Amino acid sequence: MQDLEEIKIIVTGFGGQGIIMAGRIIGKAASLVDGNESTMVQSYGPESRGGACNAQIIISANPIHYPYVDQADILICMSQGGYEKYIEQLKAQGTLIADEDLVNPADGDFDAYHVPATRMAEALGQKMMANIIMIGFLTAVIPAVSVNAARETIRHSVPRGTEELNLKAFAKGYDHGLAVLKGREKKAAGQTGAIA
Amino acid sequence: MNEFNIILFLCNWGPHVAFQTLQDRREKIPYEIKMVRIPCTGRISKALLLKAFERGADGVALVGCRPGACRYGSGTLTAQENTDDARQILNIMGVGEQRLRQATFLPDDAEGLFEFLKTFSQEIRTLGKSPVEVSEKSVTKAIDLQQVARAVSKYDIFSCQDCGKCSSACPLSLTGKSFTPRAVASAMIAGDIDSPIVIEGIWSCLTCGRCYERCPRAVNFPEFVREVREIYQDAGIKALEPHGGFFQSMMRVQGSASLNMDRWSWLPESVHLNMKSKILFFGGCAPYFDIFFRKFLGPQTQNILLDSLRLLNFFDVQPSVLSNERCCGHDLLWTGDERGFRKLAVLNAEAIHASGAEQVITACPECYRTLAVDYPRHGIETKFKVIHLYDFLNREIEKGAVGFKPIDAHLTFQDPCRLLQEEELKALPRKLIGHLKPRSFREISESETGPICCGGCAWNGCDAYVKAMQVNRLKQARAGGRDTLVTACPKCQIHLKCAMEDPFLGQALSMDVKDLTSLIAQSIYWA
Ligand code: SF4
Ligand code: SF4
Ligand code: SF4
C-alpha cells in the first residue's frame, strides 16, 4: 500500500471457486503480515448454491469503521453472473480483473485486465487454484498486499500438503501480472515487437 | 635467426617472372619472406590462407596476375574474394587484416613487386609478431594401444552383445555406407585399430547419438569415437575435415591467449547491452560461417545472434557479451583435438568469470552442450549456470501477455543433435513452435523413431553418404506441401541448405530455411 490510503476490493464468482478464501487471504495478508487494518465481509445468500457469491475487503492504513463496500476500487470477477451483478459497484476508473475465459465484460469506464486464471490453473492440474492465481495477479498489478505477505498467508491458509503447488499457482499469476504490466509499458513506449 | 615469417604465395605465371628477375639481379628480398610457388592464386583457398597463420606466419601475401591476365580466367577474382573473406575473419579474431595482402604484377614489373615485398615486410615488422600461438603437436607416430584399450574399457565396449540395434538406427548405415557402429566396435575389441575401414569408420561417425539411445547395453559409441579420434590425432591420423579444415584452423587460431578479438562491433545500436550484467550472452561461431559461405549458400546465421539479443531486450534483459569470445571448442573436441578444445575452454571460462556473469545464455545447441556438459566433464571449472535461450524464452512466453503474428508458411522442424541429450531440452523447441501461428506445422516424419541429425556436426566427415542422407531428409521435410524448414542450429541451416544444391534434384528440394529464434523474434509482440 505504498501510495493508497485505502483500497476497497470485491471478489466475486460462483460457489466452489474459493472466492471467500481468496478474500480471506487478501485481508489476512494485509493485516496480519503487512500490518495494515483490514476487514472482510462475505455474502452467500441464495446465490451461494451455484449463484454469484462475493467477498468484500477493505485495506487501510487507518482504522476502518464500516466494513461493507459500496463502491469498490477493484473488482475481481470469476464468473459472468458475478460480473453482471457487481459491475455497478465498481467505481468510475476502477480496476476490473476478470477471468478471461469465464467473463465477457462490456466496455466501461474502468481499466480491465483479462487473466486466463482458470486455464492456467488447469495447466497446473488444479482447476481449484484459479483463485490463488488471481491473488498472484492482483499482487503484481495493485499494491494492495506485499508479495511476502501474500505468500506467507497462502502458505498458512491452504490445506496441508498443497502449499508448494499453491505457491506455484501464486507465482504463475504474479509473473503473469508482471508480464502484463511490462507489455503495457512497452506498448506505451511504442515497442511492441522484438524487431524495431 | 629469422624472427619473422612471411609466406608469399606466388603465381607461377605472371609475377613469378618478375620474382626471378629480382633473384637474377641479386636484389635483397627481405629474408623473412618464404616464397611458395603456386599454379594460380585462385587455388589458394581460405583454408590455406588461414592455415598459414595457424602454423605461425606473421604475414601472408597472395601475389598473382592482373585480372585480365589470369591464365585460367577467374583466378584473380577468386583470390580477391578469398582474401576479402579471410581478412574479415582475421579482423574478428584479432589477428588483423593488415597481415594478409593480395597483389597483382605483370611479368615485367620486377620493380613494383620488389617495392611491394619491401613495404609489406616493413609493415609486418611494425605490426610485430603475430598473436597466434603455434600449437606444438605431440605426434607419437604409432597408435597408442594402451590408450585404445583404456577407451574400450572406459566406454564398456566389451559389453556389446552384437545385437545390431545400433546399425539399424545409424543414419549412415541406413544410407548404405559400409559402416556400422557394431562392426567398428567389434573390430576394435578384436584389436583391429588401424585397418583403413576402422579408421574411416571412426572418422565417419556423425556422433549423433542415435545408436547410444537404442543400445540395450548403453554402449556410448559417440563418446568412444571422440576419444579414439584423440588417439588417432596423436598418431598423426588426420581427421576428415571438410572445407580444407578451415573451421578447425580458425578454432585453433582462437586458442591463442593474447588475441584482441572484435566479436561484436557489428551489432546495431538498437541492441542494448550492459557489460556489468549478471547475464552473459554467448553467441557462438555463426558470424564466421556467414562470411565463409557468402558466395554459395548465403546462410543467415549471424541473424540468430542478433535476434537472440533482440528477444532478450524484448523481455527487458540487457546482457553482457565477451568481445574476446572464442569458439566454444565443440568442433575441436569432437574431431579429436582435445588440447585445442581445452585451450578454448579455459580462455572462455576465464573470460566469463572475469565478466562477473552468473548466467550464460546461448542460442547455439553446440555451445550449450559444450559449456554446460563438456567443460565440467573435462575438468574446466564453471562458476556460472548455462541456459539455452529456448528455456529462457519459454519461461517468459508462458508468463503470458505476448502474442504471435501469423506466419504464412507450412512448417516442419529439424532437431539439432546436441539438444537431444535431455528430455526437457528436446521438448523446448516444440513448445516454442506451439506458441507460433503458422498456417500449419507437422513433424518431418510421423513414423520416425527419434530425430535424425543434419549430418554435419562438428565440421567432420562430409561425404557422398552424408549428402544422400541430407537429400532424404529434405525429401521428407518437403512432403505434404511443407514449404519452410525450421532449424535450431546454425550448422543444420548451412548443411541442409547445401544439400538443396543437389544438381539432380534441383528445385525439388528447395524450401525456405528459417531459424526458430529468428522466427520468434519476427512474430512476437506484446499483446
Ligand atoms: S546396440 Fe549396443 S549392444 Fe547392440 S550391437 Fe550396437 S553397441 Fe552392441
Ligand atoms: S553416433 Fe550416429 S552416426 Fe555415429 S554410429 Fe551412432 S548412430 Fe551412427
Ligand atoms: S554439407 Fe555442405 S556445408 Fe556442410 S560440411 Fe558438407 S559441403 Fe560443407
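All chains are named by letter (A, B, ...) in the order of the sequence lines, taking the proteins before the strands, and each is independently numbered beginning at 1. This is a predicted model, so every value here is computed, not measured.
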K.L.:
If I compare all heavy atoms of Lys187(A) with all of Trp526(B), which pair ends up nearest, and what's the gap?
P.N.:
CD-O, 3.5 Å
K.L.:
Assess the residue pair Ile195(A) and Gln522(B) against the criterion (side-chain contact (heavy atoms from CB on, under 4.5 Å)); give the C-alpha distance rounded to whole Å, side-chain angles, the decisive distance to 0.1 Å, and a yes or no.
P.N.:
CA-CA 6 Å; Ile195(A) 295 177; Gln522(B) 280 154 19; 3.6 Å; yes
K.L.:
If we ignore hydrogens and angles and just use 3.5 Å, is the side chain of Lys182(A) paired with the main-chain N or O of Phe315(B) as donor and acceptor?
P.N.:
yes
K.L.:
What closest approach, in Å, do Gly400(B) and His176(A) show between heavy atoms, and which atom pair accounts for it?
P.N.:
CA-ND1, 3.6 Å
K.L.:
Check each atom of Asp307(B) against the heavy atoms of chain A and say whether the ones under 4.5 Å are side chain, backbone, both or neither.
P.N.:
side chain
K.L.:
Is it true that atom CD of Gln191(A) has more than 12 heavy atoms of other residues, nucleotides or ligands lying nearer than 6.0 Å?
P.N.:
yes
K.L.:
Between Lys186(A) and Asp316(B), is the closest basic N to carboxylate O distance under 4.0 Å?
P.N.:
yes
K.L.:
Could you check if a side-chain atom of Met120(A) sits within less than 4.5 angstrom of a side-chain atom of Glu398(B), using non-hydrogen atoms only?
P.N.:
no
